[in-house]
Amino acid sequence: MVTSKLRKVTMAVLAPTMALGATVGLASAPASAAVWSSCDRWGSTSLDGYRLYNNIWGSGAGSQCVWANSGTDWGVWADHPNTGGIKSYPNATKTINKTIDSLGWLTSNYNVSVPSSGAYNTSYDIWDTDHQYEIMLWVNYNGAVGPIGSHQGNVTLGGHNWNVYKGTNGANQVFSFLRTSDSHSGTVNVKPILNWIAYTKGWMPGNETIGDVQFGYEITSSSGGLDFRTNNLTINGG
């Protein structure tokens, strides 16, 4: 887990769009032409209410390209060296901008195809608007990866059973929920998870505004080139 996760947000604002030193073609994209693709380090676009972001933010990264047929059907080809440290978090983002206590519901459906090798997690990354709190939901993971902080116990929430970790990366609090078994498709009811953090544990205020809900792949290594595909994703709240 990264020690400065906030850079995933701030570096997108501060850094200019730039191409990687070694870019590659999108041979792994679907046969039909994608409506958008990018091998730029900070490449991004908005489609169907989602912001897609290549987001190669870590040091020692290799090549990575993202493509999208729509905001809910997209994928990534990544070739990052087999070294420690997270290299990237390609993701789709939906902006919510509602306080926890005013949210009536917040749910997401996901369906992914991920490699059997490499080191990565498939995760939601949920931020408050002030970037004081970060909530990660790992639905599957592989290789030498792990969460920030210490184990807080096990809980069943939002339709899944999780091991919960709590810590800080030096910039914000991080609450990580790791699914106890890998899942490639399903539905997550996020609202009860937020309620549990705020009201059962008291780890964040109930009037905290949830800003961005991201879903993507936190990639540590994918040597030789690996494909990560989001077959379908929906995030909805109200």
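For clarity, every value in this text was computed on a predicted model and none was experimentally measured.
Looking only at distances, a side-chain donor or acceptor of Lys94 sits under 3.5 Å from a matching main-chain atom of Ile235. Under the 3.5 Å distance criterion, the side-chain polar atoms of Glu134 are left unmatched by any main-chain donor or acceptor of Gln132. With Lys87 contributing its side chain and Gly85 its backbone, the two residues share a donor-acceptor pair below 3.5 Å. Of the possible polar contacts, one joining the Asn169 side chain to the Ala171 backbone as a donor-acceptor pair under 3.5 Å is found. Here the side chain of Ser222 pairs a donor or acceptor atom with the backbone of Ala78 at under 3.5 angstrom. With hydrogens and angles disregarded, a donor-acceptor distance shorter than 3.5 Å links the side chain of His80 to the backbone of Gly62. With Arg41 contributing its side chain and Ile56 its backbone, the two residues share a donor-acceptor pair below 3.5 Å. Checking side-chain atoms of His160 against main-chain N and O of Thr187 turns up a donor-acceptor pair under 3.5 Å. Using a distance-only test at 3.5 Å, with no hydrogens or angles considered, no donor-acceptor pair links the side chain of Thr209 to the main chain of Asn97.
Taking the side chain as every heavy atom from C-beta outward, Val114 and Asn142 never approach each other to under 4.5 Å. Put simply, the side chain of Tyr124 does not reach to within 4.5 Å of the side chain of Ile135, judged on heavy atoms. Under the 4.5 Å side-chain criterion, counting only non-hydrogen atoms from C-beta, Phe228 is not in contact with Val112. Phe215 places none of its side-chain heavy atoms less than 4.5 Å from the side chain of Leu137. Side-chain atoms of Ile100 and Met204, non-hydrogen and from C-beta on, do get closer than 4.5 Å to each other. With a 4.5 Å cut-off on side-chain heavy atoms, Asn121 and Pro147 do not count as touching. Contact of the Ser113 side chain with the Asp227 side chain is not registered, since no non-hydrogen atoms from C-beta on lie closer than 4.5 Å.
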Take Val213 and Val190 through the test side chain to side chain contact (heavy atoms under 4.5 Å, CB included) and record every step on the way to the result.
CA-CA 10 Å; Val213 177; Val190 181; 5.7 Å; no
Give the intermediate values and the outcome of side chain to side chain contact (heavy atoms under 4.5 Å, CB included) for residues Tyr165 and Val174.
CA-CA 8 Å; Tyr165 295 79; Val174 183; over 6 Å; no
Begin from the C-alpha positions of Trp127 and Asn172 and carry the test side chain to side chain contact (heavy atoms under 4.5 Å, CB included) through to its verdict.
CA-CA 10 Å; Trp127 293 90; Asn172 52 266; 3.7 Å; yes
Would you sort out whether Met136 and Glu218 count as a side chain to side chain contact (heavy atoms under 4.5 Å, CB included), showing the intermediate values?
CA-CA 11 Å; Met136 296 203 75; Glu218 205 170 45; 3.7 Å; yes
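No hydrogens or angles considered: nothing links the side chains of Thr72 and Asp48 as a donor-acceptor pair under 3.5 Å. Under the 3.5 Å distance criterion, with hydrogens and angles disregarded, no donor-acceptor pair is assigned to the side chains of Ser88 and Asn55. In summary, the side chains of Thr122 and Asn140 do present a donor paired with an acceptor at a separation below 3.5 Å, with no hydrogens or angles considered. A donor and an acceptor atom, one from each side chain of Asn161 and Thr180, are located under 3.5 Å apart. Side chain to side chain, Ser123 and Asp125 fail the donor-acceptor criterion of an N or O pair below 3.5 Å. Asn232 and Asn111 are not linked by any side-chain donor-acceptor pair at a separation below 3.5 angstrom, with hydrogens and angles left out of the test.
If you chain together hydrophobic residues whose side chains sit under 4.5 Å apart, Val188 and Trp105 never meet in one group.
Between Ala61 and Pro81 the shortest heavy-atom distance is C-CD, 4.2 Å. Of all the heavy atoms in Tyr89 and Gly216, the pair that sits closest is OH-N, 3.3 Å. Here the closest non-hydrogen pair linking Ser108 and Leu233 is OG-CD1, 3.7 Å. Gly237 and Leu106 get closest at one heavy-atom pair: CA-CD1, 3.9 Å. Here the closest heavy-atom approach between residue Asp128 and residue Tyr133 is recorded as OD1-N, 2.7 Å. Looking at every heavy atom in both residues, Tyr50 comes nearest to Thr234 through OH-CA, 3.3 Å.
Taken to the nearest 0.5 Å, the CG atom of Asp40 stands 11.5 Å off from the CD atom of Gln64. How far CG of Leu178 is from CH2 of Trp138: 5.0 Å, rounded to the nearest 0.5 Å. Considering CG of Asn54 and OG1 of Thr45, their distance stands at 12.0 Å, rounded to 0.5 Å. To the nearest 0.5 angstrom, Ile193 atom CD1 is 5.0 Å from Trp162 atom CH2. Of the inter-residue distances, the one linking Trp42 atom CH2 with Trp57 atom CH2 reads 9.0 Å to the nearest 0.5 angstrom. The OG1 atom of Thr95 lies 12.0 Å from the CD1 atom of Ile210; values are rounded to the nearest 0.5 Å.
Under the 6.0 Å distance and 45° angle rule, Lys166 does not count as a cation-pi partner of Phe175.
Between Trp196 and Phe177, the ring-plane angle classifies as perpendicular under the 30° and 60° cut-offs.
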